Peer 1: 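My questions will all concern the structure given below.
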Amino acid sequence: MTVTIDDDFDLDRIAQSGQCFRWESLPGGAYRIPFRSHCLHIAPLGGEGYELDCTAEEWEGVWKRYFALDENYRAIRAQADPGEDPFLWRACEAQKGLRILRQDPWEVTVSFIISQNRNIPAIKRSVELLCQSCGERLSDRRGGSYYAFPSPEGVAGLSDGDLAACRLGYRDRYVRAAALAACSGALDFDALAGDTEEDAMKALLGLYGVGVKVASCIALFGLHRLNAFPIDTWMRRALAAEYPGGYPFERYSPWNGVFQQYIFAYYRSGGREPPRDKMQ
DNA sequence: AGGCAGGCTTTTA
DNA sequence: TAAAAGCCTGCC
């Protein structure tokens with residue numbers, strides 16, 4: 001089936017934004033996107049049109065929510081004023097098409113625990129190895145196979161050796177601890193959904209191996225708390241260079257996390273003063 | 001109590 | 001070799 005999407009929506013930008021690690025790039029700007037037990041092939045047709053391999057029901061019931069198409073990113077971007085904050089405006093213009101997905105919170109939790117002190121290719125590799133080691137092998141609609149992201153039980157059941165084979169390094173005990181917490185109910189994403197931002201952050205920070213940065217990423221990308229504002233090395237550089245007087249959080253609430261993502265992507269793509277030496 | 005240095009696995013460029 | 005969407009522990 002085909003659909004038209006009448007808002008900011010750029011598959012390449014989303015794929016490269018560092019919020020999801022399992023999108024598979026295909027020829028022609030298309031992607032294969034696994035989500036829980038679903039898998040979508042989506043190909044741009046030019047303009048606002050896209051070719052999908054799912055039913056209308058699945059598009060309506062699963063993917064529109066996954067892509068957060070109920071939210072209007074043009075309207076969010078419009079809050080950045082070129083005269084008031086030219087840097088933010090440029091970042092939004094340059095990265096137009098980004099969206100914050102509604103991903104599976106468990107997958108996001110593990111992925112961002114794995115992300116610490118690593119670059120994106122290395123993160124993708126470990127996540128994929130983890131999926132292959134204990135995720136369910138499923139078929140997409142084109143006869144291809146893929147591995148679902150494993151359940152907490154699946155991860156908790158891995159031997160030391162199998163977990164080590166995922167090349168998680170010192171993070172392997174963090175991942176195992178998160179799996180045990182999710183199995184025991186100590187980590188309950190449904191409960192977190194009803195919490196205040198502060199309580200949700202507090203609960204996430206209680207996980208072994210989860211600090212402020214990773215907890216913020218889980219809140220933003222896993223719990224869809226669009227005001228959560230992860231600060232990594234890139235954001236630290238961007239804030240120091242562009243907002244020496246402090247970032248105006250009040251001004252952009254409750255969309256701080258969205259603007260954070262524009263700034264992060266803009267900076268990482270070389271839009272501003274890359275780290276002293278070279279870029280990718 | 002709260003801040004800071006050092007260490008940690010592995011990959012990437 | 002330094003840096004990578006950092007965090008934990010021990011010391012002060």
Side-chain angles (χ1 to χ4, degrees), chain A residues 13-23 91 95 98-101 103 105 107-130 132-133 155 158-181 187 201-243 247 256-280:
Chain A
R13 292 238 164 88
I14 297 170
Q16 292 161 20
S17 69
Q19 66 179 300
C20 49
F21 302 101
R22 298 201 66 211
W23 285 29
Q95 294 297 325
L98 272 183
R99 308 183 72 81
I100 307 290
L101 306 170
Q103 302 185 77
E107 176 173 341
V108 169
T109 298
V110 175
S111 298
F112 279 92
I113 288 174
I114 289 174
S115 78
Q116 58 185 266
N117 243 19
R118 305 222 287 178
N119 49 32
I120 289 176
I123 300 165
K124 288 182 175 175
R125 177 162 181 259
S126 277
V127 170
E128 204 53 44
L129 286 169
L130 187 67
Q132 289 170 14
S133 71
V155 175
L158 285 176
S159 67
D160 289 347
D162 288 342
L163 199 54
C166 300
R167 320 311 294 171
L168 305 182
Y170 64 90
R171 307 161 195 80
D172 55 5
R173 55 211 162 109
Y174 304 158
V175 169
R176 176 166 286 152
L180 293 173
L187 173 60
M201 281 294 288
K202 210 172 291 182
L204 294 170
L205 287 169
L207 293 169
Y208 185 47
V210 173
V212 173
K213 191 275 173 182
V214 169
S216 302
C217 286
I218 299 170
L220 178 59
F221 303 126
L223 303 177
H224 210 67
R225 303 291 178 114
L226 297 186
N227 212 33
F229 197 89
I231 299 176
D232 74 313
T233 68
W234 290 92
M235 282 302 294
R236 205 171 303 284
R237 282 196 281 263
L239 294 180
E242 310 295 342
Y243 298 93
Y247 184 80
N256 282 309
V258 176
F259 288 113
Q260 176 276 159
Q261 196 63 8
Y262 285 115
I263 294 171
F264 171 78
Y266 184 51
Y267 239 69
R268 212 174 68 90
S269 72
R272 270 289 165 174
E273 209 73 31
R276 274 292 46 123
D277 34 274
K278 64 238 163 201
M279 284 287 315
Q280 41 201 328

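Computed from a predicted model, the values in this text were never measured in an experiment. Numbered from 1 within each chain, the chains take letters A, B, ... in sequence-line order.
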Peer 1: Taking B:dC8 as the reference, what is the distance to C:dA3 when you measure between their C1' atoms (whole Å, please)?
Peer 2: 15 Å

Peer 1: For the residue pair A:F259 and A:Y262, does the interplanar ring angle fall in the parallel (under 30°), tilted (30 to 60°) or perpendicular (over 60°) class?
Peer 2: tilted

Peer 1: Please tell me which of A:L205 and A:N119 maps to the more 5' nucleotide of DNA chain C, matching each residue to the nucleotide holding its nearest heavy atom.
Peer 2: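 Its nearest nucleotide being more 5', the pick is A:N119.
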
Peer 1: Check the distance between C:dC8's P and A:D172's CG and give it to me in whole angstrom.
Peer 2: 14 Å

Peer 1: Taking only the side-chain nitrogens and oxygens of A:R118, find out if one of them lies under 4.0 Å from OP1 or OP2 of B:dT9.
Peer 2: no

Peer 1: Report the nucleotide, chosen from C:dA5, C:dC8, B:dT9, that has the shortest atom-to-atom distance to any side-chain atom of A:Y208.
Peer 2: C:dC8

Peer 1: For a quick check of understanding: with a heavy-atom distance under 4.0 Å over all strands, which category does A:G18 fall into, base, sugar-phosphate or nothing?
Peer 2: base

Peer 1: For C:dA4, give its Watson-Crick or G-U wobble partner with both distances under 3.5 Å, or none.
Peer 2: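 Pair assignment: C:dA4 / B:dT10.
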
Peer 1: Are any non-hydrogen side-chain atoms of A:L187 and A:L180 less than 4.5 angstrom apart?
Peer 2: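 SC-SC contact between A:L187 and A:L180 ruled out.
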
Peer 1: Are the side chain of A:Q260 and the backbone N or O of A:G257 linked by a donor-acceptor pair below 3.5 Å?
Peer 2: yes

Peer 1: Atom CD1 of A:I123 to atom P of B:dA13: distance rounded to whole Å?
Peer 2: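 It is 12 Å, rounded to the nearest whole Å.
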
Peer 1: Would you mind reading off the distance between A:R173 atom CZ and C:dT9 atom P, rounded to a whole angstrom?
Peer 2: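 For the pair A:R173 CZ and C:dT9 P, the rounded distance is 7 Å.
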
Peer 1: At less than 3.5 Å, do the side-chain atoms of A:Y174 and the base atoms of C:dG6 form a donor-acceptor pair?
Peer 2: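 Flag unset: no donor-acceptor pair detected.
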
Peer 1: Would you please indicate yes or no on a ring centroid separation below 6.0 angstrom for A:F112 and A:F21?
Peer 2: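 Yes.
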
Peer 1: Of the nucleotides B:dC8, C:dA5, B:dT11, which one has an atom closest to the side chain of A:R167?
Peer 2: B:dT11

Peer 1: Checking all strands, does A:S216 fall into the base, sugar-phosphate, or nothing category for heavy-atom contacts under 4.0 angstrom?
Peer 2: nothing

Peer 1: Regarding A:E242 and A:Y267, do their side chains bring together a donor and an acceptor under 3.5 Å, going by distance alone?
Peer 2: yes

Peer 1: Planes under 30° and centres closer than 5.5 Å, is that true for A:F112 with the base of C:dA5?
Peer 2: no

Peer 1: Return the value, rounded to whole Å, for the distance between atom CZ of A:R236 and atom P of C:dA5.
Peer 2: 13 Å

Peer 1: Students often get this wrong, so: under 4.0 angstrom with heavy atoms, is A:S111 touching a base, only sugar-phosphate, or nothing?
Peer 2: nothing

Peer 1: For A:V258, which of A:N227, A:L98, A:I100 qualifies under side-chain contact (heavy atoms from CB on, under 4.5 Å)?
Peer 2: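 Output: one option passes, namely A:I100.
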
Peer 1: May I ask you to say what A:F221 touches in the nucleic acid, namely base, sugar-phosphate or nothing, with a heavy-atom cut-off under 4.0 Å?
Peer 2: base

Peer 1: For the pair made of CG in A:L130 and C1' in B:dT10, what is the distance, rounded to whole Å?
Peer 2: 16 Å

Peer 1: To the nearest Å, give me how far apart CD (A:Q261) and P (C:dA5) are.
Peer 2: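 Whole-Å distance recorded here is 13 Å.
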
Peer 1: What's A:R171 touching, base or sugar-phosphate or nothing? Going by heavy atoms closer than 4.0 Å.
Peer 2: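 Result for A:R171 = base.
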
Peer 1: For the pair made of CG in A:L98 and P in C:dA5, what is the distance, rounded to whole Å?
Peer 2: 16 Å

Peer 1: Assign A:I231 to base, sugar-phosphate, or nothing according to its heavy-atom contacts below 4.0 angstrom with the strands shown.
Peer 2: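 A:I231: no heavy atom of the nucleic acid under 4.0 Å.
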
Peer 1: If you measure from the C1' atom in C:dA2 to the same atom in B:dT9, how many Å do you get, rounded?
Peer 2: 16 Å

Peer 1: C:dA5 P sits how many Å from A:Q95 CD, rounded?
Peer 2: 15 Å

Peer 1: If each of A:N117 and A:P121 is mapped to the nucleotide of DNA chain B with the nearest heavy atom, which maps nearer the 5' terminus, i.e. the 5' end?
Peer 2: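 Its nucleotide being nearer the 5' end, the pick is A:N117.
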
Peer 1: Which whole number of Å gives the distance between the C1' atom of C:dC11 and that of B:dA1?
Peer 2: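 It works out to 14 Å between them.
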
